[in-house]
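Residue numbering restarts at 1 for every chain, and letters A, B, ... go by the order of the sequence lines.
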Number of protein chains: 2
Amino acid sequence: MDKIRIIVVDDHPMVLEGMRGMLSQIGFVELAGLAANAYEAMTILKASAADIVITDINMPEISGIELAAKIRTEFPKVKIIAMSTFKERSYISQMIQNGASGYLVKSASREEIEEAILSVHEGKLYMSLDVSLSSADKQEMVNVPMLSSREKEVLLLIADGMTNPQIASKLFISLHTVDSHRKNLLTKFSVNNTASLIKQAAKFNLI
Amino acid sequence: MDKIRIIVVDDHPMVLEGMRGMLSQIGFVELAGLAANAYEAMTILKASAADIVITDINMPEISGIELAAKIRTEFPKVKIIAMSTFKERSYISQMIQNGASGYLVKSASREEIEEAILSVHEGKLYMSLDVSLSSADKQEMVNVPMLSSREKEVLLLIADGMTNPQIASKLFISLHTVDSHRKNLLTKFSVNNTASLIKQAAKFNLI
DNA sequence: TTTCCCATCCCCTGAACAGGGGATTTTGTT
DNA sequence: AACAAAATCCCCTGTTCAGGGGATGGGAAA
């Protein structure tokens, strides 16, 4: 079997160095290049073939989301694995919409990175199942309320500073309806006012 | 000159591997050990001498803050460098209170890590000056309003869901005074209501 | 068909908030 | 002493919010 050629993109030297070290321990992987930003990544891709690009989601100037879109356009055969911290996982759906085939949290072990690479190389979708979550992070996952799509929509608009009448006007619904959603949000988050609601929503990375 | 013996503590394998790679490139550094948590770190410290411990601030079970306090108590000669992401920098003052002599952001280059190690080893305080901030992070630093201590206090209480009368009662001041602080907060954050205020405060990691 | 969830809509009420106006006192610095 | 910032306090007003109560209709799943 040919080795899987991989490019890693991250603006943190420490992460690049760590990935270099980890990938060097995987026998079926050949490191095609390390890139500190999207420009370098595209340059490496043009100069030498790669099978998989592992890229951070949040980067200065051109984000991982934009990079994924570019790669999908110019190198449709190249597979993409997105990487982020647990706190930043809410962007993963955008990465997938822009062509990513896998997702890894930065706390992933070498074994999980291996598994992700193999799965994605075989054409499967790989989603990180991180077992090293801190108890605080675990608690967060348990406590995040399930919101309907309308509730999410109203939550975002409240967080943007819009009043009930403004939201009603924007969504072409009654003021009473907005108020109902707002009350449901307060109940679901178990809070008594908007301040607490927004604080919790921010804590859960919903806004 | 003797080599500086260093232990690195972080629950992310990728970061540990990255630090191993970077430290191996620094001639005056000897890696005394890698630890995935505070327990391992203390075990390594007891088994072999180290000059500096570089530890992540946020870790499961026993945080970097607690670890720093333990190290200061049991190994007062060992210097501590705290590490965090840019978003988590608000905890650095606690690390320093618990004995840390230096602070590095995780986006630091190998050169800056070198400099931090040398400074701290010479007994100086080292604070990371990260030049690779994303433009979004830079904008955040520029836009964070200067709050008085009372304003900060009131902000936290508002974010906790307390009403003006409740805050007034808690702080032994007039309802009008609380309202004044609240209005000043709205002005300083350039927002029109509490929802926006809390969202911004969360964005700036003030709550 | 029944049940459940979601979206929509309404009522009443008092508390809370935000926009505007103003003031005095205290504290810290030069 | 002079000055500026912070803390404290007050007024008026209308809007908004939150707590409580209720309803109907549509769509999906069992």
Side-chain angles (χ1 to χ4, degrees), chain A residues 90 93 140-207, chain B residues 90 93 97 141-207:
Chain A
S90 57
S93 60
E140 278 192 18
M141 286 178 64
V142 169
N143 286 347
V144 178
M146 297 302 301
L147 304 180
S148 71
S149 62
R150 201 61 154 173
E151 283 164 351
K152 282 178 199 148
E153 195 172 9
V154 169
L155 177 61
L156 293 183
L157 294 176
I158 292 173
D160 281 343
M162 289 176 76
T163 60
N164 285 358
Q166 289 172 333
I167 296 171
S169 180
K170 183 178 176 64
L171 300 181
F172 302 105
I173 53 177
S174 155
L175 169 61
H176 299 288
T177 306
V178 176
D179 197 43
S180 295
H181 289 308
R182 183 188 278 262
K183 285 174 182 171
N184 289 335
L185 285 167
L186 294 179
T187 301
K188 287 192 173 182
F189 280 90
S190 304
V191 293
N192 294 327
N193 58 33
T194 304
S196 296
L197 172 67
I198 301 302
K199 182 184 169 189
Q200 292 297 107
K203 178 179 152 194
F204 294 145
N205 251 311
L206 299 177
I207 56 175
Chain B
S90 55
S93 60
Q97 280 163 32
M141 287 180 63
V142 170
N143 285 349
V144 178
M146 297 301 302
L147 305 180
S148 71
S149 63
R150 199 64 153 170
E151 282 163 352
K152 282 178 199 146
E153 196 172 8
V154 169
L155 177 60
L156 293 183
L157 295 176
I158 293 173
D160 280 343
M162 288 174 80
T163 60
N164 284 355
Q166 289 172 332
I167 296 171
S169 180
K170 183 178 175 68
L171 300 182
F172 302 104
I173 55 176
S174 156
L175 169 61
H176 299 288
T177 306
V178 176
D179 197 45
S180 294
H181 289 309
R182 181 187 281 259
K183 284 172 182 175
N184 288 335
L185 285 166
L186 293 180
T187 301
K188 287 191 174 182
F189 280 90
S190 302
V191 293
N192 292 329
N193 57 34
T194 304
S196 296
L197 173 68
I198 301 302
K199 182 183 169 189
Q200 291 297 107
K203 179 177 150 195
F204 295 144
N205 250 314
L206 299 176
I207 58 176

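Between A:L185 atom CG and D:dG19 atom P there is a gap of 13 Å when expressed in whole angstrom units. Distance CG (B:N184) to C1' (D:dA6): 9 Å, rounded to an integer number of Å.
When heavy atoms are screened at a 4.0 angstrom cut-off, B:S148 is found touching the sugar-phosphate backbone but no base atom.
Between A:K188 and A:S148, the closest heavy-atom pair is NZ-N, 4.1 Å. Between B:I158 and A:A195, the shortest heavy-atom distance links the atoms O-CB, 3.2 Å. Closest of all the heavy-atom pairs between B:F204 and B:P145 is CE1-CD, 3.9 Å. Here the closest non-hydrogen pair linking A:K199 and B:D160 is NZ-OD1, 2.7 Å.
Considering only side-chain N and O atoms, B:S174 lies nowhere under 4.0 angstrom from the phosphate OP1 or OP2 of D:dT8. Phosphate proximity of D:dA7 to B:S149: present, with a side-chain N or O under 4.0 Å from OP1 or OP2.
Taking the 5' to 3' direction, DNA chain C first and last meets chain A under 4.0 angstrom from a heavy atom at C:dC6 to C:dC11.
Between the B:Q166 side chain and the B:T163 main chain, a donor and an acceptor come within less than 3.5 Å of each other.
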Going through the distances and angles, do B:L186 and B:N193 end up as a side-chain contact (heavy atoms from CB on, under 4.5 Å)? CA-CA 7 Å; B:L186 293 180; B:N193 57 34; 5.5 Å; no
Run the numbers on A:L206 and A:L147 for side-chain contact (heavy atoms from CB on, under 4.5 Å), then give the verdict. CA-CA 10 Å; A:L206 299 177; A:L147 304 180; 4.2 Å; yes
Can you name the atoms? Protein N/O to nucleotides 14-18 of chain D N/O, anything below 3.5 Å, with the distance.
{"unit_1": "D:dC17", "atom_1": "OP1", "unit_2": "A:R182", "atom_2": "NH2", "d": "3.2"}
{"unit_1": "D:dC17", "atom_1": "OP2", "unit_2": "A:N164", "atom_2": "N", "d": "3.1"}
{"unit_1": "D:dA18", "atom_1": "OP1", "unit_2": "A:T194", "atom_2": "N", "d": "2.8"}
{"unit_1": "D:dA18", "atom_1": "OP1", "unit_2": "A:T194", "atom_2": "OG1", "d": "2.7"}
{"unit_1": "D:dA18", "atom_1": "OP2", "unit_2": "A:R182", "atom_2": "NH1", "d": "3.1"}
{"unit_1": "D:dA18", "atom_1": "OP2", "unit_2": "A:T194", "atom_2": "OG1", "d": "3.2"}

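For B:R182, the salt bridge (Lys or Arg N to Asp or Glu O under 4.0 Å) test picks out no residue, with sequence neighbours left out. With sequence neighbours left out, the salt bridge (Lys or Arg N to Asp or Glu O under 4.0 Å) criterion links B:K183 to B:D179.
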What pairs of donor and acceptor atoms, side-chain ones from residues 167-177 of chain A against any protein atom, are under 3.5 angstrom apart with sequence neighbours left out?
{"unit_1": "A:S174", "atom_1": "OG", "unit_2": "A:H176", "atom_2": "N", "d": "2.9"}

I'd like to compare against my own output: the B/S/- annotation of nucleotides 24-30 of chain D with a strict under-4.0 Å heavy-atom distance to protein. -------
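At a threshold of 4.5 Å between non-hydrogen side-chain atoms, the residues B:N192 and B:L197 do not count as touching.
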